[in-house]
Structure formats: structure tokens, C-alpha cells
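What's counted below: heavy atoms across the whole structure, side chains too, no hydrogens, waters or symmetry copies.
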Amino acid sequence: MGVRPENNLAVDAGLEVGPRGGIRVNDNLQTSDPDIYAVGDAIEVKDFVSGDPTQVPLAGPANRQGRIAADNIFGNAARYRGTQGTAIVGVFDRAAAMTGASEKALRRANHPYRKVYIHPAHHAGYYPGAEQMTLKLLFDPKSGRLLGAQAVGGAGIDKRIDVLAVAIQAGMTVFDLEEMELAYAPQFGSAKDPINMLGFVAGGLLRGEHPQVDVETVLSAPTAERAFLLDVRTPEEFASGHIPEAVNIPVDDLRSRLGELPGDRQIAAYCQVGQRGYLATRILLQAGFNAVNVGGGYKTYKLFYSNTTWAEQTGQVRVASDR
């Protein structure tokens, strides 16, 4: 719901505050009166990613601000470089975490970005107890610089969001994630850690190795321009749930059934989480089709659209679904 700063003392003292009431400070944490410093939840800070003023009430930044203000007061010059909003919350056995810019914030700032979703296990799948997580990465479409990330799951969420928080602070790109060396044993992670997988997917997208489209882009396209939806999972998976209007051709059968596909429409292939969709996209491109992979596959689709009908997804109706 948001937090409103308790700024009465600052306002009464005639200090400048921002539009949301945050006490304005410079990089040294001085207010508009240079003899008065302010720190913590009540101040307006610089967003580390965008550089814009914002309010992020978190304990970690507040503690660092207190140390920096004390250094400056006693003559040891120090500056606060901004807040990127790294946070985590636990609800029963689930956790949700984020760092850096959200997609909503990037859209609001009209900042260009690309995004990828992956759904890996938190450690090697053959080792007992592997739990699936969902990771979302936002990055600059030209340089690949990391802009933000979110994670939802159980075990291992804090580890991955902390790694991504450091990567954002260091100004790293998706290509750096590909090469990142992280601790591995099967009970702790995978030889290709989820962080590496984010880099592989995002880096390949920027290099043009596998064209990708977001599920909402596919579903919001006008009927005349809509891509041909190709589900490349097994018939059993397809029968248990699929994106409306999709046609099922398992990836193992795809090369022998290319004649069933339209040559005059874009083909949007998808699987459960993206890997088979990627393989299908490569097969289709090599066969001369205009093909893209639906990022994150059916798993990502279900996160957003599992309780809505096709008409609702495309904006044709606005009533509650009975499904």
C-alpha cells in the first residue's frame, strides 16, 4: 500500500520535501539546510538504476545512510550512491524478492527494456528436494546492462536475488551473467546455475540467436496480425492445459510435420518453460519459417492468465471467468 513519511519536524523546520513528503537530501545526506542531516525511511533518495528521486523505506539502506551521515558530520567525506530496493518477503513456505527497477517503474519512466522469464530448480534436479522457482530479469535492449530482477519460489530465492543485486551495483550485463562462477554442489545449485541460465537466455536474445516474444504481446495482437500458436509439448501435457487456439505438434515430431504449418504467418512456439520452444524455434528458422519462442513458456502464461478466458486476454470482454 506504500509508506508515508512522518516528516512534521522537517516541515516545521522549513526543510525541502518531495512530492510524496520525503525529506530531500544530497549525496552527503544533507538536507536543504547544510547543518541538518536526515536518514532513513523519511528521506527522498536517488534511485540507483534510473537516478531519479524516489522513496524506498528499507532497513539496510537506512543503516548505511546513518553511517555515511555520521562520517560526514565528523569530517570523513562519504556519499550515498542511491537505493536499488533489494527486498524479500516470506509468506508461509513461499518467498518473493526483488532488486532494481520493476517493469512497471521502467514503463512509467519510458525507459526501454527487454525481459526474460525462467523457471529452474533451486538445485540439481536429480538431487532430492529440488524446488522450482521463477526468475524475471529486466535489462537494457542495446547494452544488456542489468536493470532489475524479481524472484518467486521457496529455497534459494534469497541467494539468487542477492547475486543479481550485486551484479546491478557493479554495472554488469547479461553477458557477465553467462560467465559468472558460483559455488556448485548438487544440494546447493546446478552446474549451470539459474543466474547463468538468465544470462544464456537474455544474451542469446540480444545476440539474435533465438527470437523471443512475450506472452502478453502474442495475446494482445489484433486477430488479423496474431501469430500462429504452436504448442510443442507432448499430447499429454497439451491435454492438461494449453494456451487457447494453440495447435499441438510435439517438438520430436516437428521436422516430419512442417507441412501442417502456415508459411505466411509468424509462428509463436512454446513449451512448458522455454527450452523445447527454443529448440522448435531453431528448427523452424532453419526450415525458412518466421518463428519466435514464447518467453517462459506455458508456465509463464499460467502465472498471468490461468483464470481468464481468451476473450478476456485479448480485451474483447471484461467479465469474470467461470473457469
Side-chain angles (χ1 to χ4, degrees), residues 1-91 95-113 115 136-140 145-152 157-172:
M1 296 298 292
V3 174
R4 180 178 298 168
E6 205 294 279
N7 63 6
N8 290 337
L9 180 62
V11 171
D12 292 344
L15 304 181
E16 290 184 14
V17 298
R20 295 178 59 195
I23 304 167
R24 285 187 164 159
V25 296
N26 60 18
D27 290 347
N28 298 323
L29 299 171
Q30 292 170 297
T31 66
S32 54
D33 183 327
D35 292 325
I36 300 176
Y37 291 75
V39 302
D41 294 355
I43 70 169
E44 185 179 84
V45 296
K46 179 174 68 177
D47 185 291
F48 182 82
V49 175
S50 69
D52 297 328
T54 187
Q55 278 183 248
V56 185
L58 290 171
N63 275 269
R64 294 196 304 277
Q65 292 158 14
R67 293 176 63 90
I68 291 170
D71 278 344
N72 283 310
I73 289 170
F74 288 98
N76 184 17
R79 58 180 293 272
Y80 184 65
R81 56 186 178 183
T83 300
Q84 67 189 67
T86 304
I88 189 167
V89 63
V91 182
M98 68 171 293
T99 186
S102 67
E103 186 174 1
K104 180 180 179 180
L106 291 171
R107 285 200 306 264
R108 187 169 58 237
N110 200 29
H111 192 297
Y113 67 92
K115 63 181 176 182
K136 176 181 179 179
L137 184 69
L138 300 152
F139 52 94
D140 186 273
R145 182 174 71 90
L146 305 179
L147 302 174
Q150 292 93 49
V152 177
I157 288 299
D158 55 338
K159 171 182 176 179
R160 272 66 189 208
I161 214 70
D162 281 346
V163 170
L164 291 167
V166 173
I168 290 173
Q169 284 256 335
M172 289 183 172

Q) Around Leu9, counting heavy atoms of other residues, nucleotides and ligands shown, do more than 12 lie under 6.0 Å from its CG? A) no
Q: Kindly write out the residues that satisfy side chain to side chain contact (heavy atoms under 4.5 Å, CB included) with Ala167, not counting sequence neighbours, or none if the list is empty.
A: Leu146, Met172, Leu177, Met180
Q.
Restricting to side chain to side chain donor-acceptor pair (under 3.5 Å), what partner residues turn up for Thr54, sequence neighbours left out?
A. none
Q | Flag side-chain contact, heavy atom, 4.5 Å: Leu138 against Gln150 | A | yes
Q: Quick one: list whatever passes side chain to side chain donor-acceptor pair (under 3.5 Å) with Thr86, sequence neighbours left out.
A: Thr99
Q: First locate atom CG of Asp27, then atom CG of Asn72, and finally report the distance between them rounded to the nearest 0.5 Å.
A: 10.0 Å
Q.
Test of understanding: with salt bridge (charged side-chain N to carboxylate O under 4.0 Å, His left out), list the residues that count as partners of Glu103, not counting sequence neighbours.
A. Arg107, Lys115, Lys136
Q) Can you name the side chain to side chain donor-acceptor pair (under 3.5 Å) partners of Asn8, sequence neighbours left out? A) Glu6
Q.
Using the side chain to side chain donor-acceptor pair (under 3.5 Å) criterion, which residues pair with Asp140? Sequence neighbours excluded.
A. Ser143
Q | Distance (rounded to the nearest 0.5 Å) between Phe139 CZ and Arg145 CZ | A | 13.0 Å
Q | Residues forming a salt bridge (charged side-chain N to carboxylate O under 4.0 Å, His left out) with Asp71, sequence neighbours excluded | A | none
Q: Please list, chain by chain and in numerical order, all residues satisfying side chain to side chain contact (heavy atoms under 4.5 Å, CB included) with Leu58, sequence neighbours excluded.
A: Val56, Pro61, Ala87
Q: Sequence neighbours left out, what passes side chain to side chain contact (heavy atoms under 4.5 Å, CB included) with Arg4? Give chain and number order.
A: none
**Q.** Contacts of type side chain to side chain contact (heavy atoms under 4.5 Å, CB included), residue Ala70, not counting sequence neighbours
**A.** none
Q: Test Phe48 against Thr83 for side chain to side chain contact (heavy atoms under 4.5 Å, CB included), laying out the working first.
A: CA-CA 5 Å; Phe48 182 82; Thr83 300; 6.0 Å; no
Q) Hey, mind stepping through Leu164 and Leu137 against side chain to side chain contact (heavy atoms under 4.5 Å, CB included) and telling me if it holds? A) CA-CA 9 Å; Leu164 291 167; Leu137 184 69; 4.2 Å; yes
If you look only at distance, which donor and acceptor atoms sit under 3.5 Å apart when one is on a side chain in residues 11-26 and the other is two or more places apart or in another chain?
residue: Arg24; atom: NE; partner: Glu44; partner atom: OE1; Å: 3.1
residue: Asn26; atom: OD1; partner: Asn28; partner atom: N; Å: 2.9
residue: Asn26; atom: OD1; partner: Leu29; partner atom: N; Å: 3.0
residue: Asn26; atom: OD1; partner: Gln30; partner atom: N; Å: 2.9
residue: Asn26; atom: ND2; partner: Gln30; partner atom: OE1; Å: 3.1

